[in-house]
Amino acid sequence: MREFGETIFAEMSALAVRTGSINLGQGFPDSGPAQGVLDAAIEAIRSGANQYPPGPGLPELREAVAAQRLERYGLSYDPATEVFVTVGATEGIASAVLALVEPGDEVLVFEPYYDSYAAVIALAGAVRRPVTLRPVEGRFTFDPDELRAAVGPRTRAILVNSPHNPAGTVFTRAELETIAAVCREHDLVAITDEVYEYLTFDDAEHIPLATLDGMRERTVSISSAGKSFSVTGWKTGWVTAPAPYVRAVQTVKQFLTFTVSAPYQRAVAYALANEAQWVEELRKSLQAKRDRLVTGLEAAGFVAYRPQGTYFVQVDIRPLGFTDGIELARALPEKAGVVAIPTQVFYDNAETGAHFVRFAFCKKDEVIDEAVERLARLR
């Protein structure tokens, strides 16, 4: 772990607090969940759900997750053996990698990648092999030949994040078919991070990789309540996969955190069953906020890539005369009173992403407006 220090999110959020800047860096919303979800959590605490829940998760949450996967995607999972609750998606991903990847194995990742991917691959003693996403016609995508070329004799798994943080891409069916073909041909395990599954915009559609031919039996799908219901601090996630994979994940997870908060599990089970319309309104609201921020960033002189999903806009900083995202991100509080995340920290080859910076739009409209007004000073 020597290459890993404090996460960029902790560094930049601390910088925002220290300088009093607007934090468009870390992706947490500044508004809360539906009142019914809060009430369900409070009622769970008051009714005594304050001790260790079952290790695999409360049956009511596992059943709610199974129902959601079936109704939304047509994927059938046994809640008793094929659904498992984790401390957020981050722990689900970590447990899956540690369970299924051996030291010396290789794991394919699409870069820029969420920073915990690199850390957990290192913890597993494995080797990451990046496949770069590059802008093509206004969205980030990969070269199928580069994906195929990245596979070697030690390749064991591929980590797929869609909707993708930080690029904002929602992989198309054709792109997913390419990934699936590589998995089938080389007998790879797919570990999918789908935490933004509900938060897609315009005509983009989230298609779980597990729905493609021959993929359910080799895919470990991971999602969570944090982004869908604006409860990022609850850290309640889940894994859906064939029973042998779930048993492997559980074997690891039980020695990491043992169990997940019982009251929040009950509240999330309620949310999955009852708050679909609230989530749809959240999605519409975020799409409007995305457009608001993109318009402001373009007016400030950035080249902004309009995301198809997630909380984030990726921008090219070169039109404003900057070439190093880390330098700009550390200087932005002084220059403009705004904090962003330099995207190059999510690349193996930092030079590839040096000219990109990520801004979050999961904020109140007045916060976005004030931020873009300040960023206009960069001109």
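Within a 6.0 Å sphere centred on CD of Glu351, heavy atoms belonging to other residues, nucleotides or ligands number 12 at most. Heavy atoms of other residues, nucleotides or ligands lying less than 6.0 angstrom from CD of Glu217 number more than 12. Annotation: Glu71, atom CD; neighbour count of heavy atoms from other residues, nucleotides and ligands within 6.0 Å does not exceed 12.
Under the side chain to side chain contact (heavy atoms under 4.5 Å, CB included) rule, Pro208 has a single partner from Thr219, Thr192, Thr240, Leu75, which is Leu75.
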Report the C-alpha distance between Ser223 and Trp238 in whole Å, list the side-chain angles of each, state the deciding distance to 0.1 Å, and finish with yes or no for side chain to side chain contact (heavy atoms under 4.5 Å, CB included).
CA-CA 6 Å; Ser223 195; Trp238 48 84; 3.6 Å; yes
How far apart are the C-alpha atoms of Leu286 and Cys362, what are their side-chain angles, what is the distance that settles it, and do they pass the side chain to side chain contact (heavy atoms under 4.5 Å, CB included) test?
CA-CA 7 Å; Leu286 285 169; Cys362 50; 4.0 Å; yes
CA sep, side-chain torsions, deciding dist, call: Val87, Leu256, side chain to side chain contact (heavy atoms under 4.5 Å, CB included):
CA-CA 10 Å; Val87 181; Leu256 296 177; over 6 Å; no
What do the steps show when you test Lys284 against Glu281 for salt bridge (charged side-chain N to carboxylate O under 4.0 Å, His left out), and what is the final call?
CA-CA 5 Å; Lys284 292 178 182 177; Glu281 294 304 315; 3.8 Å; yes
Audit row: Asn161, Tyr117, side chain to side chain contact (heavy atoms under 4.5 Å, CB included) steps and yes/no
CA-CA 10 Å; Asn161 176 208; Tyr117 299 173; 3.4 Å; yes
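The stretch residues 109-129 participates, sequence neighbours left out, in these salt bridge (Lys or Arg N to Asp or Glu O under 4.0 Å) pairs: Glu3-Arg128, Glu106-Arg129, Arg128-Asp348. Residue pairs meeting the salt bridge (Lys or Arg N to Asp or Glu O under 4.0 Å) criterion with at least one member in residues 72-84, sequence neighbours excluded: Glu82-Arg216. Identified under the salt bridge (Lys or Arg N to Asp or Glu O under 4.0 Å) test for residues 287-297, with sequence neighbours left out: Asp202-Arg290, Lys289-Asp365, Asp291-Arg306, Arg292-Asp365, Arg292-Asp369. Note on residues 323-346: pairs passing salt bridge (Lys or Arg N to Asp or Glu O under 4.0 Å), not counting sequence neighbours, are Glu11-Arg330.
A 4.5 Å side-chain heavy-atom check between Glu175 and Ser162 finds every atom pair outside the cut-off. Between Asp193 and Val195 the shortest side-chain heavy-atom distance falls below 4.5 Å. Counting only heavy atoms from C-beta outward, the side chains of Ser230 and Leu282 approach each other to under 4.5 Å. The side-chain heavy atoms of Ile45 and Asn50, taken from C-beta on, include a pair separated by under 4.5 Å. Residues Val313 and Phe302 fail the side-chain proximity criterion, which asks for heavy atoms closer than 4.5 Å. Residues Ile121 and Val101 fail the side-chain proximity criterion, which asks for heavy atoms closer than 4.5 Å. Between Ile8 and Pro342, the closest side-chain pair of non-hydrogen atoms falls below 4.5 Å.
Between Ala300 and Leu320, the shortest heavy-atom distance links the atoms O-CD2, 3.4 Å. Summarising the geometry of Pro135 relative to Phe356, their closest heavy-atom pair is CG-CZ, 4.0 Å, with the distance given to 0.1 Å. For Pro56 against Gln250, the heavy-atom pair with the smallest separation is CG-NE2, 3.7 Å. When every heavy atom of Ala304 is checked against every heavy atom of Val294, the shortest pair comes out as CB-CG1, 4.1 Å. Of all heavy-atom pairs between Ala340 and Ala329, the closest is O-CB, 4.0 Å. Between Ala118 and Tyr113, the closest heavy-atom pair is CB-CE1, 3.6 Å.
A continuous path of hydrophobic side-chain contacts links Met12 to Phe346 [ILVMFWY only; heavy atoms under 4.5 Å]. Val109 and Leu209 fall into different hydrophobic clusters, where Ile, Leu, Val, Met, Phe, Trp and Tyr side chains are chained together by heavy-atom contacts under 4.5 Å. Both Val239 and Leu159 belong to a common hydrophobic cluster when Ile, Leu, Val, Met, Phe, Trp and Tyr are linked at side-chain heavy-atom distances under 4.5 angstrom. Taking hydrophobic clusters as Ile, Leu, Val, Met, Phe, Trp and Tyr residues chained together by side-chain heavy-atom distances below 4.5 Å, Val160 shares a cluster with Met215.
Between the CD1 atom in Ile22 and the CD atom in Glu366 there is a gap of 10.5 Å [rounded to 0.5 Å]. How far CG of Leu375 is from CD of Glu370: 10.0 Å, rounded to the nearest 0.5 Å. With rounding to the nearest 0.5 Å, the separation of OG1 in Thr257 from NZ in Lys235 is 10.5 Å. Atoms CG and CZ, on Leu24 and Arg358 in that order, are 10.5 Å from each other to the nearest 0.5 Å. Between atom OG of residue Ser228 and atom CD of residue Gln68 there is a gap of 7.5 Å, rounded to the nearest 0.5 Å. Taking CZ of Phe359 as the start and OG1 of Thr343 as the end, the distance is 9.5 Å to the nearest 0.5 Å.
The hydrophobic cluster around Val170 extends to none of the other residues, as no ILVMFWY side-chain heavy atom falls under 4.5 Å of it.
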Considering only distance and modelled atom types, tabulate donor-acceptor pairs under 3.5 Å from the side chains of residues 147-158, sequence neighbours left out.
{"unit_1": "Arg148", "atom_1": "NH1", "unit_2": "Asp145", "atom_2": "OD1", "d": "3.0"}
{"unit_1": "Arg154", "atom_1": "NH2", "unit_2": "Pro103", "atom_2": "O", "d": "3.4"}
{"unit_1": "Arg154", "atom_1": "NH2", "unit_2": "Asp105", "atom_2": "OD1", "d": "3.1"}
{"unit_1": "Thr155", "atom_1": "OG1", "unit_2": "Gly152", "atom_2": "N", "d": "2.7"}
{"unit_1": "Thr155", "atom_1": "OG1", "unit_2": "Gly152", "atom_2": "O", "d": "3.2"}
{"unit_1": "Arg156", "atom_1": "NE", "unit_2": "Leu100", "atom_2": "O", "d": "2.9"}

Throw together a table of side-chain donor-acceptor distances under 3.5 angstrom for residues 58-65, partners on residues two or more places apart or in other chains.
{"unit_1": "Arg62", "atom_1": "NE", "unit_2": "Gly57", "atom_2": "O", "d": "3.0"}
{"unit_1": "Arg62", "atom_1": "NH1", "unit_2": "Pro79", "atom_2": "O", "d": "3.2"}
{"unit_1": "Arg62", "atom_1": "NH2", "unit_2": "Gly57", "atom_2": "O", "d": "3.1"}

Using distance only, find each side-chain donor-acceptor pair of residues 177-189 under 3.5 Å and give its atom names and separation, not counting sequence neighbours.
{"unit_1": "Thr178", "atom_1": "OG1", "unit_2": "Ala174", "atom_2": "O", "d": "3.2"}
{"unit_1": "Arg184", "atom_1": "NH1", "unit_2": "Asp213", "atom_2": "O", "d": "2.6"}
{"unit_1": "Asp187", "atom_1": "OD1", "unit_2": "Arg218", "atom_2": "NH1", "d": "3.1"}

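In this structure, Thr169 contributes its side chain and Phe140 its backbone to a donor-acceptor pair below 3.5 Å. For the pair Thr86 (side chain) and Gly88 (backbone), a donor-acceptor distance under 3.5 Å is present. No donor-acceptor pair closer than 3.5 Å links the side chain of Glu298 to the backbone N or O of Thr295.
Taking the charged nitrogens against the carboxylate oxygens, Arg283 and Glu280 do have a contact shorter than 4.0 Å, which makes a salt bridge.
Under the ring pair (Phe, Tyr, Trp, His ring centres under 6.0 Å) criterion, Phe258 pairs with Tyr52, sequence neighbours left out. With sequence neighbours left out, the ring pair (Phe, Tyr, Trp, His ring centres under 6.0 Å) criterion links Phe171 to Phe110, Phe142. Among residues two or more places apart in sequence or in another chain, the ring pair (Phe, Tyr, Trp, His ring centres under 6.0 Å) test is passed with Tyr196 by Tyr311. Residues forming a ring pair (Phe, Tyr, Trp, His ring centres under 6.0 Å) with Phe229 (at least two apart in sequence, or on another chain): none.
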